[in-house]
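Right, one structure below, let's go through it.
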Amino acid sequence: MTDTSNASPASATNELPYDELRQIAARYPQPRSGLLPMLHLVQSVEGRITPEGIEACAEILDITAAEVSGVATFYTMYKRRPVGDYHVGVCTNTLCAVMGGDAIFERLKKHLDLGNDETTEPSAEGRSITLEHIECNAACDYAPVMTVNWEFMDNMTPQSATALVDDLREGKEIHSTRGPRIVTWREAERVLAGFPDDLADEGPSAGAASLVGLGLARRNDWTAPHHDASGPTGSTADTPIEAAQQADTGRAETETAQEEGK
């Protein structure tokens, strides 16, 4: 097992991509809205969220390092310790747990000699794995579910899970159940930063279990109820600002009614 608590990222000699960080910030009317993908880009280079990455984001967005750090420590997809080539997540939320997720996680901990959120030493092929139990992935129809660098691996068992991590460590090409072939964690982080790898259309995006409801609706000619697009005032918003104002008005009316006990 690798002790990564004080380790330096593998790409510590790499320079942060300031031009691409600025490019992300420029996508948004309010540059601060680009902070989340900017942090993913930092991870794609540094292997984690580093102090240097935090300072770079703060400088470009003209906010404090404390504000950036507050975001980076709030969301679990941002890591303060280096992540291996493959981040293996095991869903241990209720349905996945009772369907075998807990057993899978325990098996992988023993098989890899890891605790939660720890990383293996590189294999002979130079591949390392970070293991983490994760919250619901909204894939309950395929429980128990795992992810590898955020791509789905469905209907897993302790046996198939151990075979999967062995194949990853050996550098074999792995395809997700509903998605493309698995890339490295840093490559996946770059995609999350908004720089496509042209793999989005590789592999199926939905499986039979997810489409059962759609098929049932088509066979019975069911349709969704008509949606009234008018806002609380009865008028339809023509601009994003008007839509926001109508949403705020509706929320205020609801909160007022609740406070008055209506």
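Keep in mind that what you see is a predicted model, and the values were worked out from it rather than measured.
Checked by atom type and distance alone, the side chain of N149 pairs as donor or acceptor with a backbone atom of V183 at under 3.5 Å. Of the possible donor and acceptor atoms, none in the side chain of S160 sits under 3.5 Å from a partner among the backbone N and O of M156. Judged purely by atom type and a 3.5 angstrom limit, T92 has no side-chain atom pairing as donor or acceptor with the backbone of D102. A side-chain donor-acceptor contact under 3.5 Å links E118 to the backbone of G115. Although no hydrogens or angles enter the test, the distance criterion places no donor-acceptor pair under 3.5 Å between the side chain of D85 and the main chain of T184. Between the D167 side chain and the K172 main chain, no donor and acceptor come within less than 3.5 Å of each other. Listed for the R178 side chain is no donor-acceptor partner under 3.5 Å among the backbone atoms of P204. No donor-acceptor pair under 3.5 Å is formed between the side chain of E202 and the backbone N or O of G179.
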For I60 and Y18, run side-chain contact (heavy atoms from CB on, under 4.5 Å): C-alpha distance rounded to whole Å, both residues' side-chain angles, the deciding distance at 0.1 Å, then the answer. CA-CA 8 Å; I60 291 170; Y18 275 84; 4.0 Å; yes

As a quick check of understanding, evaluate side-chain contact (heavy atoms from CB on, under 4.5 Å) for R32 and I63, giving each step before the final call. CA-CA 8 Å; R32 181 170 178 161; I63 58 179; 4.0 Å; yes

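For the residue pair A193 and I24, the shortest heavy atom distance occurs at O-CD1, 3.7 Å. Between F152 and A139, the closest heavy-atom pair is CE2-CB, 3.6 Å. Nearest heavy-atom pair across I182 and S176 is CD1-CB, 4.0 Å. Between N155 and A143 the shortest heavy-atom distance is OD1-O, 3.7 Å. Looking at every heavy atom in both residues, G34 comes nearest to Y28 through CA-CE1, 3.4 Å. The shortest heavy-atom contact between M77 and W185 is O-CZ2, 4.5 Å.
By the 4.5 Å heavy-atom criterion applied to side chains, L61 and L35 are counted as neighbours. Looking at heavy atoms from C-beta onward, P29 lies out of side-chain contact with S33 at the 4.5 angstrom threshold. With contacts defined as side-chain heavy-atom distances shorter than 4.5 Å, the pair L216/R219 qualifies. Contact of the K79 side chain with the Q43 side chain is registered, since non-hydrogen atoms from C-beta on lie closer than 4.5 Å. You'll find the side chain of L16 reaches within 4.5 Å of the side chain of E46, heavy atoms only. By the 4.5 Å heavy-atom criterion applied to side chains, R48 and Y78 are not counted as neighbours. Counting heavy atoms from C-beta on, the side chains of T147 and N137 come closer than 4.5 Å. Looking at Y142 and T177, their side chains never come closer than 4.5 Å, going by heavy atoms from C-beta outward.
When hydrophobic clusters are built by joining Ile, Leu, Val, Met, Phe, Trp and Tyr residues whose side-chain heavy atoms come closer than 4.5 Å, directly or via intermediates, L211 is not grouped with W222. Note on I134: it does not cluster hydrophobically with V145, by side-chain heavy-atom contacts below 4.5 Å among ILVMFWY residues. In terms of hydrophobic clustering, with Ile, Leu, Val, Met, Phe, Trp and Tyr side chains grouped at heavy-atom distances under 4.5 Å, I174 and I104 are assigned to a common cluster. In this structure, L41 is a member of the same hydrophobic cluster as L39, with clusters built from ILVMFWY side-chain heavy atoms closer than 4.5 Å. L168 and M153 fall within a single hydrophobic cluster, where Ile, Leu, Val, Met, Phe, Trp and Tyr side chains are chained together by heavy-atom contacts under 4.5 Å.
Rounded to the nearest 0.5 angstrom, E132 CD and L108 CG are separated by 13.0 Å. To the nearest 0.5 Å, the span separating OG1 on T157 from CE on M99 amounts to 12.0 Å. L164 CG to Y86 OH: the interatomic distance, rounded to the nearest 0.5 Å, is 10.0 Å. With rounding to the nearest 0.5 Å, the separation of CG in L199 from NE2 in H175 is 9.5 Å. For the atom pair CD1 (I54) and CE (M38), the distance works out to 12.0 Å, reported to the nearest 0.5 Å. Rounded to the nearest 0.5 angstrom, C91 SG and M146 CE are separated by 11.0 Å.
S210 and D141 form a side-chain donor-acceptor contact under 3.5 Å, judged by distance and modelled atom types alone. Side chain to side chain, T64 and E67 meet the donor-acceptor criterion of an N or O pair below 3.5 Å. H133 and D117 share no side-chain donor-acceptor pair at under 3.5 Å.
In this structure, D166 does not pair ionically with R169, as no charged nitrogen and carboxylate oxygen lie closer than 4.0 Å. Contact check on E106 versus K109 returns a salt bridge, with a Lys/Arg side-chain nitrogen under 4.0 Å from an Asp/Glu carboxylate oxygen. Residues R190 and E20 are paired through a salt bridge, judged by an N-O separation under 4.0 Å between the basic side chain and the carboxylate.
By the 6.0 Å contact criterion, CG on N220 is enclosed, its count of non-hydrogen atoms from other residues, nucleotides or ligands being greater than 12. Annotation for Q30: atom CD does not count as buried by contact number, only 12 or fewer foreign heavy atoms lying within 6.0 Å.
Judged by a 6.0 Å distance limit and a 45° cone about the ring axis, R27 is positioned over the six-membered ring of F195.
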